[in-house]
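I have placed the structure first, in the form of structure tokens, so that the comments after it can refer back to it.
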Amino acid sequence: MSATFLGMPATPPRSPYGTGNLRGDRPFPAAAHDELRNEQLRRNLGRATRTIRAKRLDVTGELPDWEELRDAGSAIKTDTMNRLPELLEELERNVTARGGTVHWARDGVEANEIVARLVRETGSDEVIKVKSMATQETGLNEHLESLGITAHETDLAELIVQLAHDKPSHILVPAIHRNRDEIRQIFLKEIPGVDPSLDNVPAHLAAAARAYLREKFMTTKVAVSGANFGIAETGTLSVVESEGNGRMCLTLPDTLITVMGIEKVLPRYQDLEVFLQLLPRSSTGERMNPYTSMWTGVTPGDGAESFHLVLLDNGRTAALADRVGREALNCIRCSACLNVCPVYERTGGHAYGSTYPGPIGAVLTPQLAGMDAAKDDPNSSLPYASSLCGACFDACPVKIDIPSLLVELRHQHTERSGTTAEKLAMKAAGAVMSRPKVYTAAQKASRLGRALARDGKLPSLPPPLNGWSDSRDTPAPPKQTFRAWLASSEGAAAMREASADHTRDQQQEDGR
Amino acid sequence: MTTARETVLGRIRDALALAPAGDTPVPRAYRTGRVLPDGERLALFTDRLVDYKARVHPCTADRTAEVVAEVLREQGAARIGVPRGLDPAWLTAYDGEVRHDSADIPAPRLDALDGVVTASAVSCAETGTIFLDGSPDQGRRALSLVPDLHVCVVDLSTVVVGVPEAVARLVPERPTTLISGPSATSDIELERVEGVHGPRTLAVVIRTDA
């Protein structure tokens, strides 16, 4: 252990309760219940995830060394987590040496305050933003807005979400839940001076966004970005994107503020040769995304004159303290696991209540923000938002064993809540069974099912249970309830017989 | 008072003490150092560029000026910007207006240009990616971003097979931009639209003997 280490190590804190966007306001099943009724959402999601899945398989299949790249990516990330303190210090040293300023944020609130202070120091009351998961997580836009600073999202999908006062539903394509007609309506209503004859052709909608944002790019003095990678060895930061809005934000304003989770650091520049292959192919299913920017501190005469890097903890160290759970920090935010997940495909991203949806969100969110921060914490339902089919593990470019992490989190949740998974399942039944009248009524109701049964099997259960009975045989309920049977002469005779058996057994035991 | 820096680093050390992990060796069994003959590299690179809807113009080095002028004319570019270090011989056949860029020209003024001509640092054939590194013949990043047409001259000798070969040739400290086709979005119903904020047209002049 290092010389600065004194006393017993303390468990690092989670992201503070009630801050940022790492917790929904109700449990997953309740939120999913409503989302499942949204047919538009299900159609869009189904089409989108099918398309990306096919593209991803094409471009990962054409690389004969895909598995070797995954092995390397996984090992590099694991090695990074093991050496995190020294790598972050190295990154800080190199960014500083090249004219950048490094800030540290214990949590999202502190990160938001740092960014707001830096923006104010420039005298600007607006910023342009590159799509960033970290600032979505911290709720930066809302914080800036509360201080009178306007944040313009410049990624097309993020712009759609922002203009609609909506929330992102997918890591990669945040407006996947909106169709072209809805987007047209949003633009007509929210973009000042937009051509009223704008139609719903995607190219025309994109052109309207281009015209609107171009003016922002040319006039706004401050940009805020996230980072896909930060290279410790050189101090190089990187943003991977498609539209060119990232290049605009990273190049044109005088001041650039980048917010990066501490787990995004990579040891060597050479490691980019692995991740620049893994990320685009897993993410958009392209051999390479249209644009990737890499910058190191400040370059006189090219890009921002002032560069700030904000390193964000916000529960990441809490995840790191979990021997099993820390693997979730290896995530490179490609969203491949979302696109292959049968649960995500049906519910969409909003049901997860967090910036990070889908399988990775179900393991990352509870670790960053906790599962037991309040009574009936909605995050405690996330590890159960999965059928453990394992498709996410197969798709993950850095081989995160998401199913095992889900099981571990379920275990932790039941341990901490002083109960077992069985007990949890029985809790609902218990509410009924503890009240005899309700119990009797429920049993009588279930007997009605018998009238519909053939060959002792029910043809199908009513919704929502038909999903179960469609693929399984459901035994018909018995003719009589147990209570009714017990009260009958047949029941009374059986009980007398059982009692006699018991007495006989006892006598035999005692006689030994 | 403890700074946020000390606190976060302290938490990381605590976390690693609570859940210690051994060394993890990094296996690098993926393909590196690949080489292919000129013809195959050209074919692969061209195929990928066309797939991204970039325009590809292979030519010999002695025809550079002619092909660059042809492309600019075809695209209707009457006024172009170029980085100061661009080889002036490449523009001798172009009869439009040429403006030499410099850092003191405000970026919004670049919007008045119809196009830009630059050289390039490295390219990756397998992914159809061109790397610009801000060298004098490529200019500052804003120059190849704001105008709507980017004509990029690539020497075949700088085209390598895969990503590892390309990354190995980069100078990390230089501001580097990877370009794979024109800007694009699939944000509306996953329908691909070429040209959002970056140049809507990318024309690549590949000099096959340079």
Side-chain angles (χ1 to χ4, degrees), chain A residues 1 5 9-10 12 48 51 65 68-69 71-72 75-76 78-79 82 84-85 104-106 110 156-157 173 175 179-180 183 202-203 205-206 210 218 234 236 242-245 247-248 251-252 269 272-273 276-277 287-288 290-296 299 301-303 313 317 320-323, chain B residues 3-5 7-9 11-19 21 23-32 48 52 103 107-108 111 124 126-129 134 140-142 145 163-164 167-168 172-191 193 196-198:
Chain A
M1 227 27 252
F5 176 65
T51 308
D65 55 351
E68 286 77 12
L69 286 165
D71 286 335
I76 292 167
T78 303
D79 174 51
N82 295 346
L84 207 48
W104 300 71
R106 280 166 275 226
E110 191 168 24
L156 180 54
V173 269
N179 67 23
R180 60 184 73 192
I183 294 165
L205 294 168
R210 174 185 168 105
M218 298 300 161
T234 58
T236 306
S242 293
E243 295 171 8
N245 63 307
R247 291 176 70 192
M248 291 279 180
T251 311
L252 301 184
Y269 194 80
L272 288 170
E273 72 187 18
L276 288 178
Q277 297 194 72
R287 295 189 179 103
M288 192 65 91
Y291 297 137
T292 296
S293 295
M294 306 200 280
W295 72 100
T296 309
T299 305
D302 189 345
D313 179 354
T317 49
L320 190 67
D322 185 319
R323 198 188 298 261
Chain B
T3 64
R5 180 181 189 279
T7 304
V8 174
L9 285 171
R11 286 176 185 173
I12 299 170
R13 293 195 172 98
D14 279 0
L16 293 175
L18 288 166
D23 285 350
T24 305
V26 177
R28 293 187 192 265
Y30 53 86
R31 297 170 301 165
T32 54
R48 301 313 196 222
Y52 293 137
D111 216 7
C124 170
E126 190 170 65
T127 61
T129 306
R140 60 176 170 155
R141 287 171 290 171
L145 172 65
V163 173
V167 170
E173 293 73 24
R174 292 202 184 142
T176 304
T177 306
L178 284 64
I179 298 171
S180 307
S183 94
T185 184
S186 300
D187 279 347
I188 301 170
E189 295 185 16
L190 282 188
E191 189 168 302
V193 175
V196 194
H197 303 299

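Letters A, B, ... are given to chains in the order of the sequence lines, protein chains preceding strands, and every chain is numbered from 1. Just the heavy atoms: all of them, side chains too, but no hydrogens, waters or symmetry mates, feed the values below.
Contact of the A/Glu243 side chain with the B/Val193 side chain is not registered, since no non-hydrogen atoms from C-beta on lie closer than 4.5 Å. Taking 4.5 Å as the limit, every side-chain heavy atom of B/Arg48 sits out of range of all side-chain heavy atoms of A/Met288. By the 4.5 Å heavy-atom criterion applied to side chains, B/Leu18 and A/Pro12 are counted as neighbours. Between B/Leu190 and A/Val173 there is a side-chain heavy-atom pair separated by less than 4.5 Å. Between A/Trp104 and B/Leu9, some side-chain heavy-atom pair lies under the 4.5 Å cut-off. The closest side-chain heavy-atom distance from A/Pro85 to B/Leu16 is below 4.5 Å. Contact of the B/Ile12 side chain with the A/Leu320 side chain is registered, since non-hydrogen atoms from C-beta on lie closer than 4.5 Å. You'll find the side chain of A/Ile183 stays beyond 4.5 Å of the side chain of B/Glu189, heavy atoms only.
Separating the SG atom in B/Cys124 from the CD atom in A/Glu273 is a distance of 11.5 Å, to the nearest 0.5 Å. The distance from the OG1 atom of B/Thr185 to the CG atom of A/Leu205 is 11.0 Å, given to the nearest 0.5 Å. Taken to the nearest 0.5 Å, the CZ atom of B/Arg13 stands 10.0 Å off from the CG atom of A/Leu84.
For the options B/Thr3, B/Thr176, B/Val167, heavy-atom pairs under 4.5 Å to chain A are most numerous at B/Thr176. Chosen from A/Met218, A/Glu68, A/Arg210, the residue pairing most often with chain B at heavy-atom distances under 4.5 Å is A/Arg210. Contact count versus chain A (heavy atoms, under 4.5 Å) is highest, among B/Pro182, B/Ser180, B/Ala29, for B/Ser180. Each of B/Ala142, B/Ala184, B/Ser186 has some count of heavy-atom pairs under 4.5 Å with chain A, and the biggest count is that of B/Ala184. The greatest number of non-hydrogen atom pairs below 4.5 Å with chain B, out of A/Ala72, A/Ala157, A/Pro202, is found for A/Pro202. Heavy-atom pairs under 4.5 Å with chain B peak, among A/Ala75, A/Pro290, A/Gly244, at A/Pro290. Ranked by heavy-atom pairs shorter than 4.5 Å toward chain A, the options B/Gly181, B/Gly134, B/Pro27 are led by B/Pro27. In terms of heavy-atom pairs under 4.5 angstrom with chain B, the leader among A/Asp79, A/Thr51, A/Asp322 is A/Asp79. Ranked by heavy-atom pairs shorter than 4.5 Å toward chain B, the options A/Arg323, A/Arg106, A/Glu110 are led by A/Arg106. Here B/Pro108 is the residue among B/Ala107, B/Ala21, B/Ala103, B/Pro108 with the most heavy-atom pairs under 4.5 Å with chain A. Across B/Leu145, B/Ile179, B/Asp111, the residue that shares the most heavy-atom pairs under 4.5 angstrom with chain A is B/Leu145.
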**Request:** Any chance you could lay out the side chain to side chain contact (heavy atoms under 4.5 Å, CB included) test for B/His197 and A/Leu156, step after step, and finish with the verdict?
**Result:** CA-CA 10 Å; B/His197 303 299; A/Leu156 180 54; 5.8 Å; no

**Request:** Test side chain to side chain contact (heavy atoms under 4.5 Å, CB included) on B/Asp14 and A/Thr317 and set out the steps.
**Result:** CA-CA 9 Å; B/Asp14 279 0; A/Thr317 49; over 6 Å; no

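Residues that satisfy the side chain to side chain contact (heavy atoms under 4.5 Å, CB included) test with A/Thr292, not counting sequence neighbours, are A/Ser238, A/Val240, A/Leu276, A/Asn289, A/Met294, B/Leu178.
Side-chain polar atoms of B/Tyr30 and A/Gln277 form no donor-acceptor pair below 3.5 angstrom.
Using a 4.5 Å cut-off between heavy atoms, A/Ala203 contacts chain B through both its backbone and its side chain. Using a 4.5 Å cut-off between heavy atoms, A/Ser242 touches chain B through backbone and side chain atoms alike. Only the side chain of A/Leu252 comes within contact range of chain B, judged by heavy atoms closer than 4.5 Å.
Put simply, the residue from B/Arg174, B/Arg140, B/Arg141 that forms a side-chain hydrogen bond (donor to acceptor under 3.5 Å, both in side chains) with A/Asp302 is B/Arg141.
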